[in-house]
Amino acid sequence: MTELTNPPAANPPAANPLRGVFWMVVTGVLFVGVTALVKWLGTRIPAPEAAFLRFLFGLFILLPVLRPLLRMRPSKRIWTLFCVRGAVHTVGVSLWFFAMARIPIADVTAMNYLSPVYVTLGAALFLGERLAARRLLAVVAALVGAVIILRPGFREVEPGHLAMLFAAFFLGASYLIAKRLTQECSPVQVVAMLSVTVAIGLAPLAVMNWVTPSLGQLGILAAVALLGTAGHYTMTLAFRAAPLALTQPVTFLQLVWAVVLGALVFGEPIDLWVVLGGTMIVMAISFISFREAQLKRRAVTPPVPATKV
């Protein structure tokens with residue numbers, strides 16, 4: 001069996017910064033919608049089951065692009081990467097759903113920004129990326145931001161916070177594997193295989209503690225799948241229109257909207273420490289993205305939404 005290769009790339013469209021920022025703003029709104037719906041669902045459905053149903057609905061949305069999978073002839077190594085990515089993403093998604101139902105929306109949103117930081121460290125450790133002094137300082141600043149959010153010793157660190165720390169790690173690992181896969185497979189194949197492998201990985205976890213959902217709960221999870229899929233599509237439009245270094249800072253608006261949504265809809269108090277810590281993390285990620293673009297090397301740091309569910 002032969003390994004998959006990418007088709008020849010078409011000429012990229014001319015940069016349009018305003019359009020890129022617009023589509024990234026839309027992406028942020030869609031992903032905040034995902035967060036709000038999962039928060040609204042709460043703990044009524046176990047986290048693995050909720051994640052499984054979300055990806056199951058996502059498979060129906062992706063049916064038109066699943067047919068190319070039947071023609072795939074990947075090598076054993078590529079199959080292994082697909083399976084490993086599916087496994088780590090399964091863990092990350094389950095932890096994300098667990099955290100979302102138990103801690104404030106703003107906390108989840110701010111701590112999700114850590115995924116690109118983990119990716120930067122992983123790229124240095126496993127992909128041979130050079131971690132220069134300024135990038136290292138940016139990583140340290142991001143980790144300090146995480147400590148400010150958690151404030152251990154000054155407030156109770158709940159299981160949801162710990163789950164989100166590990167969720168960001170596993171989702172970051174998933175992105176790193178995806179970067180390796182996109183060198184040999186088309187983006188459509190990478191996304192489709194993720195949906196298939198995660199749905200398979202979540203199925204036994206969901207069955208172990210199955211709670212029959214109501215029609216309303218199924219509707220919420222179907223909407224989560226729809227908004228999540230639409231968010232990944234608009235994010236792609238943003239990448240085509242403008243460089244990542246320009247669109248990355250726009251992701252900070254997700255934290256603003258998450259704080260407002262949590263306060264107005266769910267009655268969550270506004271925690272200025274969470275906003276401060278999240279701001280530090282976003283600034284660090286934006287700096288790393290800017291340096292990657294400035295040095296004109298292959299970008300490794302992902303946009304924040306790319307590591308989400």
Side-chain angles (χ1 to χ4, degrees), residues 28 30-55 87-119 142-143 145-152 155-175 198 201-202 205-206 208-209 211 217 220-221 223-225 227-228 231 251 254-255 257-263 265-271 273-275 277-278 281-282 285 302 304-309:
L30 291 171
F31 277 108
V32 168
V34 168
T35 303
L37 288 174
V38 175
K39 184 69 174 180
W40 185 269
L41 188 65
T43 59
R44 289 169 286 180
I45 302 294
E49 180 184 344
F52 167 72
L53 291 172
R54 174 262 180 268
F55 273 89
V88 298
H89 206 90
T90 294
V91 177
V93 166
S94 297
L95 290 170
W96 187 89
F97 271 80
F98 178 90
M100 190 66 257
R102 289 165 175 80
I103 60 176
I105 292 178
D107 290 42
V108 172
T109 303
M111 294 179 69
N112 190 71
Y113 291 149
L114 285 173
S115 287
V117 178
Y118 290 145
V119 169
L143 296 178
V147 173
I148 291 174
I149 294 170
L150 294 174
R151 302 193 302 284
R155 73 163 179 176
E156 182 182 0
V157 179
E158 300 178 15
H161 291 109
L162 297 177
M164 196 58 220
L165 276 177
F166 285 102
F169 172 81
F170 282 105
L171 294 174
S174 172
Y175 185 88
V198 173
L202 287 168
L205 299 177
M208 287 172 59
N209 191 24
V211 175
Q217 291 165 343
I220 290 175
L221 290 168
V224 168
L227 291 178
T251 61
Q254 290 184 49
L255 180 58
W257 293 325
V259 170
V260 173
L261 185 70
V265 178
F266 298 101
E268 298 172 349
I270 298 177
D271 191 333
W273 291 107
V274 172
V275 176
I281 297 172
V282 173
I285 299 167
V304 174
T307 57
K308 280 196 171 186
V309 296

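Note that these values count all heavy atoms, side chains included, but never hydrogens, waters or copies made by symmetry.
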Let me know which of D271, V157, V274 forms a side-chain contact (heavy atoms from CB on, under 4.5 Å) with I149.
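Testing I149 for a side-chain contact (heavy atoms from CB on, under 4.5 Å) against D271, V157, V274 leaves exactly one candidate, V274.
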
Spacing of [X] atom [atom1] and [Y] atom [atom2] [to the nearest 0.5 Å]:
X: S94; Y: E49; atom1: OG; atom2: CD; result: 11.5 Å
X: M111; Y: F166; atom1: CE; atom2: CZ; result: 10.0 Å
X: T35; Y: L30; atom1: OG1; atom2: CG; result: 11.0 Å
X: L165; Y: L114; atom1: CG; atom2: CG; result: 6.5 Å

I'd like to check the side-chain hydrogen bond (donor to acceptor under 3.5 Å, both in side chains) partners of T90; sequence neighbours left out, ordered by chain and number.
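Applying side-chain hydrogen bond (donor to acceptor under 3.5 Å, both in side chains) to T90 gives none.
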
Over all heavy atoms of both residues, which pair between [X] and [Y] is shortest? Give the atoms and the distance, please.
X: L171; Y: S115; answer: CB-OG, 4.0 Å
X: A263; Y: I270; answer: CB-CG1, 4.0 Å
X: W257; Y: G28; answer: CZ3-C, 3.9 Å
X: L202; Y: P48; answer: CD2-O, 4.1 Å
X: L261; Y: V32; answer: CD2-CG1, 3.9 Å
X: A258; Y: T109; answer: CB-OG1, 3.4 Å

Main-chain N/O of T251 paired to Y113 side chain as donor or acceptor, under 3.5 Å
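Indeed, once roles are kept as given, a pair shorter than 3.5 Å links the two residues.
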
Give the intermediate values and the outcome of side-chain contact (heavy atoms from CB on, under 4.5 Å) for residues W96 and N112.
CA-CA 9 Å; W96 187 89; N112 190 71; 4.2 Å; yes

Does atom CZ of F169 have more than 12 heavy-atom neighbours from other groups under 6.0 Å away?
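Not more than 12 within 6.0 Å, no.
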
Which residues pass the side-chain contact (heavy atoms from CB on, under 4.5 Å) test with A50, not counting sequence neighbours?
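Counting only residues at least two positions away or on another chain, A50 forms a side-chain contact (heavy atoms from CB on, under 4.5 Å) with L41, I45, F97, L221.
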
Summary of salt bridge (Lys or Arg N to Asp or Glu O under 4.0 Å) pairs that have at least one residue in residues 31-43, sequence neighbours excluded:
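Applying salt bridge (Lys or Arg N to Asp or Glu O under 4.0 Å) to every pair that reaches into residues 31-43, excluding sequence neighbours, yields K39-E268.
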
Using ring pair (Phe, Tyr, Trp, His ring centres under 6.0 Å) as the criterion, list what pairs up with F170, not counting sequence neighbours.
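With sequence neighbours excluded, F170 shows a ring pair (Phe, Tyr, Trp, His ring centres under 6.0 Å) to no residue whatsoever.
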
Would you say that L37 contacts L227 through its side chain, given a criterion of any heavy-atom pair below 4.5 Å between the two side chains?
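In short, these two side chains touch, coming nearer than 4.5 Å.
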
Can M164 and L95 be said to form a side-chain contact (heavy atoms from CB on, under 4.5 Å), step by step?
CA-CA 6 Å; M164 196 58 220; L95 290 170; over 6 Å; no

Would you mind writing out the side-chain donor-acceptor pairs for residues 100-107 within the sub-3.5 Å range, not counting sequence neighbours?
unit_1, atom_1, unit_2, atom_2, d
R102, NH1, F98, O, 3.0
D107, OD2, R155, NH2, 3.0
D107, OD2, H161, NE2, 2.8

